[in-house]
K.L.:
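The structure that follows is given in the form of structure tokens.
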Amino acid sequence: MDYCFRSLTRVSISTILLAILLSSFSFTCTEAYDALDPNGNITIKWDIISWTPDGYVAVVTMYNFQQYRHISPPGWTLGWTWAKKEVIWSMMGSQTTEQGDCSRYKSAPPHCCKKTPTVVDLLPGTPYNQQIANCCKGGVINSWAQDPNNYASSFQVSVGAAGTTNKTVKPPKNFTLLAPGPGYTCGPAVVGKPTKFITPDGRRVTQAMMTWNVTCTYSQFLAQKTPTCCVSLSSFYNDTIVPCPTCTCGCQNNITHPGSCVNPNSPYLASVVNGPGKNSLTPLVQCTKHMCPIRVHWHVKLNYKEYWRVKVTITNFNYRMNYSQWNLVVQHPNFDNLTQIFSFNYKPLTPYSSINDTAMLWGVKFYNDFLNQAGPLGNVQSELLFRKDKSTFTFEKGWAFPRRIYFNGDNCVMPPPDAYPYLPNASSRLSFSLFSLLMGSLVFFFSLV
């Protein structure tokens with residue numbers, strides 16, 4: 001009996017552990033899939049354009065095929081592991097962060113001799129003799145939908161000790177992409193169809209000797225363990241303002257984690273913001289109940305006979321980040337009837353082909369495309385005017401509020417549905433009036449008796 005119990009216990013524990021392992025595995029795998037941008041990725045094309053006495057010259061281009069997720073300052077960092085003992089003789093449009101040990105070369109040492117080089121983009125203003133097309137943006141790459149003219153970044157690399165034919169050359173391995181922090185997972189280099197290049201005059205086409213393709217996909221779970229934004233709600237028909245859930249992105253705890261947030265009224269605010277770690281990617285947020293760097297507020301503002309109006313406000317609580325080229329993706333069933341939008345750009349996203357319920361919003365260039373760090377100017381706002389569709393429109397059961405909101409490609413935490421501002425119910429007031437009338441009649445009857 002005891003032996004059977006112990007065996008059953010071991011089997012049960014093993015089953016539980018296996019279930020936990022499988023559930024965590026499925027979570028991390030599906031986390032990288034974005035239903036609103038199912039084909040979004042960053043593709044790296046490694047094009048060998050010529051051979052050299054001991055290697056080749058290649059043009060490496062990163063294409064951002066994500067509709068709304070871009071690479072913001074301080075930009076991308078690309079790394080890999082050489083398959084053999086390759087070195088980088090020279091680069092244009094980028095540079096490695098370290099040279100490594102080049103002592104075996106007696107004269108004219110290579111640009112980099114590391115087995116695992118780390119490459120960064122050059123800054124704007126780089127001399128023209130060090131540039132190539134699509135380089136020198138400080139590592140910033142805009143998204144496919146927001147700015148299709150600036151969705152790529154390129155550099156040229158001269159590789160030595162690499163082989164000089166298609167059969168002897170080997171692609172690099174273990175690609176890593178920081179953009180600017182973690183979040184992207186890159187697959188292996190795959191031999192693809194050689195890229196064709198058209199000359200500026202459009203009269204000649206050249207072809208790469210060999211092309212390798214690397215695909216990198218984004219996972220919010222890998223990028224940060226906690227959310228980065230939250231959503232609050234309000235409406236004209238209810239005095240309740242539904243705030244972001246408490247401790248959405250962390251909790252205030254200056255006892256165990258001093259400096260976890262900053263009080264905007266503190267006399268030492270400037271010294272804290274400009275103190276140690278001011279160049280860190282770790283947010284330094286204003287002390288709030290939600291502790292999120294970004295809050296998006298959706299306010300149902302007005303109700304007309306044939307239209308209804310919404311006000312959207314994005315507030316930056318992060319003292320260490322200015323969000324340039326920010327964007328917002330919102331899911332709501334009435335975007336098919338969007339009539340006018342004020343002071344934001346708008347583009348419909350149709351991940352489900354015929355269903356138009358997803359919108360991408362971003363700032364107007366030189367006006368509000370720059371979301372300033374926390375402070376009096378740390379917000380942008382706009383209003384949206386929707387036409388009513390009588391077959392679907394209602395203010396009941398939270399229909400007027402968005403289903404999902406993304407900021408810069410990261411999913412924002414919504415309040416729980418039962419906390420949404422509710423529509424005043426006339427029937428409840430009517431029931432109360434009938435009950436009061438009945439009680440009054442009974443009191444009057446008994447007073448006569």
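All heavy atoms count here, side chains included; hydrogens, waters and symmetry mates do not. Start at 1 with the first residue, then count along the sequence.
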K.L.:
Can you list the steps and then say if Tyr105 with Trp89 is a ring pair (Phe, Tyr, Trp, His ring centres under 6.0 Å)?
P.N.:
CA-CA 11 Å; Tyr105 294 91; Trp89 281 113; 5.4 Å; yes

K.L.:
Working note: Cys287 + Cys261, criterion disulfide bond (SG atoms under 2.5 Å apart); need CA distance, chi angles, decisive distance, verdict.
P.N.:
CA-CA 5 Å; Cys287 291; Cys261 65; 2.1 Å; yes

K.L.:
Between Cys249 and Cys230, does the SG-SG distance stay under 2.5 Å?
P.N.:
no

K.L.:
Taking atom NZ as the centre, does Lys106 end up with more than 12 heavy-atom neighbours from other residues, nucleotides or ligands that are less than 6.0 angstrom away?
P.N.:
no

K.L.:
Any side-chain to backbone donor/acceptor pair from Asn316 onto Asn318? Under 3.5 Å, distance only.
P.N.:
yes

K.L.:
Counting distance only, does the side-chain N/O of Ser143 pair as donor-acceptor with the main-chain N or O of Gln67 below 3.5 Å?
P.N.:
yes

K.L.:
Does any N or O in the side chain of Thr288 come within less than 3.5 Å of the main-chain N or O of Met291, such that one atom is a donor and the other an acceptor?
P.N.:
yes

K.L.:
Compare all side-chain heavy atoms of Val87 with those of Lys115 and state whether any distance is below 4.5 angstrom.
P.N.:
no

K.L.:
Tell me whether Glu383 is salt-bridged to Arg309, with the criterion being a basic N under 4.0 Å from an acidic carboxylate O.
P.N.:
yes

K.L.:
Verify the distance criterion only: is there a donor paired with an acceptor across the side chains of Tyr307 and Asn337 at less than 3.5 Å?
P.N.:
no

K.L.:
Side-chain contact, heavy-atom cut-off 4.5 Å: Leu78 with Thr176?
P.N.:
no

K.L.:
Would you kindly say whether the two SG atoms, from Cys292 and from Cys229, are closer than 2.5 Å?
P.N.:
no

K.L.:
So, Asp410 and Tyr218: side-chain donor and acceptor under 3.5 Å apart, yes or no?
P.N.:
yes

K.L.:
Less than 6.0 angstrom separating the ring centers of His70 and Trp76, yes or no?
P.N.:
no

K.L.:
I'd like to know if the side chain of Asn64 and the backbone of Asn142 have a donor-acceptor N/O pair within less than 3.5 Å.
P.N.:
yes

K.L.:
Aromatic ring centroids of Phe236 and Phe395 under 6.0 Å?
P.N.:
yes

K.L.:
Between Thr164 and Asp54, is any pair of side-chain heavy atoms under 4.5 Å apart?
P.N.:
no

K.L.:
If you define the side chain from C-beta out and look only at heavy atoms, does anything of Phe317 sit under 4.5 Å from Met321?
P.N.:
no

K.L.:
In Å and rounded to the nearest 0.5 Å, what is the OG1 to NE2 distance from Thr248 to His290?
P.N.:
7.5 Å

K.L.:
With Leu371 as reference, evaluate Asn322, Ile294, Leu377 under the side chain to side chain contact (heavy atoms under 4.5 Å, CB included) test and give the passing residue.
P.N.:
Ile294

K.L.:
Test your reading of the model: is there a side-chain donor-acceptor pair from Asn368 to the backbone of Val380, 3.5 Å cut-off?
P.N.:
no

K.L.:
Tell me, with the steps shown, if Asp34 and Arg69 meet salt bridge (charged side-chain N to carboxylate O under 4.0 Å, His left out).
P.N.:
CA-CA 11 Å; Asp34 187 349; Arg69 187 174 292 109; 3.6 Å; yes

K.L.:
Pairing donors with acceptors under 3.5 angstrom, does anything connect the side chains of His297 and Ser234?
P.N.:
yes

K.L.:
Are Asp357 and Arg403 within salt-bridge range, i.e. N to O under 4.0 Å?
P.N.:
no

K.L.:
Determine yes or no for a side-chain-to-main-chain donor-acceptor pair under 3.5 angstrom, with Lys137 supplying the side chain and Ala152 the backbone.
P.N.:
yes

K.L.:
Which pair of heavy atoms, one from Pro333 and one from Trp399, lies closest together, and at what distance?
P.N.:
CG-NE1, 3.7 Å

K.L.:
Between Asn408 and Asn327 (side chain of the first, backbone of the second, donor and acceptor by atom type, cut-off under 3.5 Å), is there such a pair?
P.N.:
yes

K.L.:
When you compare the side chain of Pro117 with that of Trp82, does any pair of heavy atoms fall below 4.5 Å?
P.N.:
yes

K.L.:
Looking only at the aromatic ring of each residue, does the gap between the centers of Trp326 and Tyr406 stay below 6.0 angstrom?
P.N.:
no

K.L.:
Looking at Tyr367, I'd like to know if the NZ or CZ of Lys365 sits under 6.0 Å from its six-membered ring centre while staying within 45 degrees of the ring's axis.
P.N.:
no

K.L.:
Mind checking whether Ile42 and Leu177 have side chains closer than 4.5 Å, heavy atoms only?
P.N.:
yes

K.L.:
Quick check: does any side chain N or O of Trp298 sit under 3.5 Å from a backbone N or O of Ala400, one acting as donor and the other as acceptor?
P.N.:
yes

K.L.:
So, Thr43 and Asn41: side-chain donor and acceptor under 3.5 Å apart, yes or no?
P.N.:
yes

K.L.:
Under 6.0 Å between ring centres, would you say that holds for Phe370 and Tyr323?
P.N.:
no

K.L.:
Taking C-beta and beyond as the side chain, do Asn129 and Gln131 meet within less than 4.5 Å on heavy atoms?
P.N.:
no

K.L.:
From Leu338 CG over to His332 NE2, what is the distance, rounded to the nearest 0.5 angstrom?
P.N.:
11.0 Å

K.L.:
Please check if the number of heavy atoms outside Lys84 that lie under 6.0 Å from its NZ is greater than 12.
P.N.:
yes

K.L.:
Tell me whether Thr211 contacts the main-chain N or O of Thr195 through its side chain, where contact means a donor paired with an acceptor under 3.5 Å.
P.N.:
yes

K.L.:
Give, for atom SG of Cys136 and atom CG of Asp121, the distance between the pair rounded to the nearest 0.5 Å.
P.N.:
6.0 Å

K.L.:
Can the ring centroids of Trp362 and Tyr68 be said to lie less than 6.0 angstrom from one another?
P.N.:
no

K.L.:
Can you see whether Asp47 engages Trp212 through a side-chain donor-acceptor pair at a distance of less than 3.5 angstrom?
P.N.:
no

K.L.:
Do Leu122 and Gln95 touch side chain to side chain, with heavy atoms closer than 4.5 Å?
P.N.:
yes

K.L.:
Taking Ser90 for its side chain and His111 for its backbone only, find out whether a donor-acceptor pair lies under 3.5 Å.
P.N.:
no

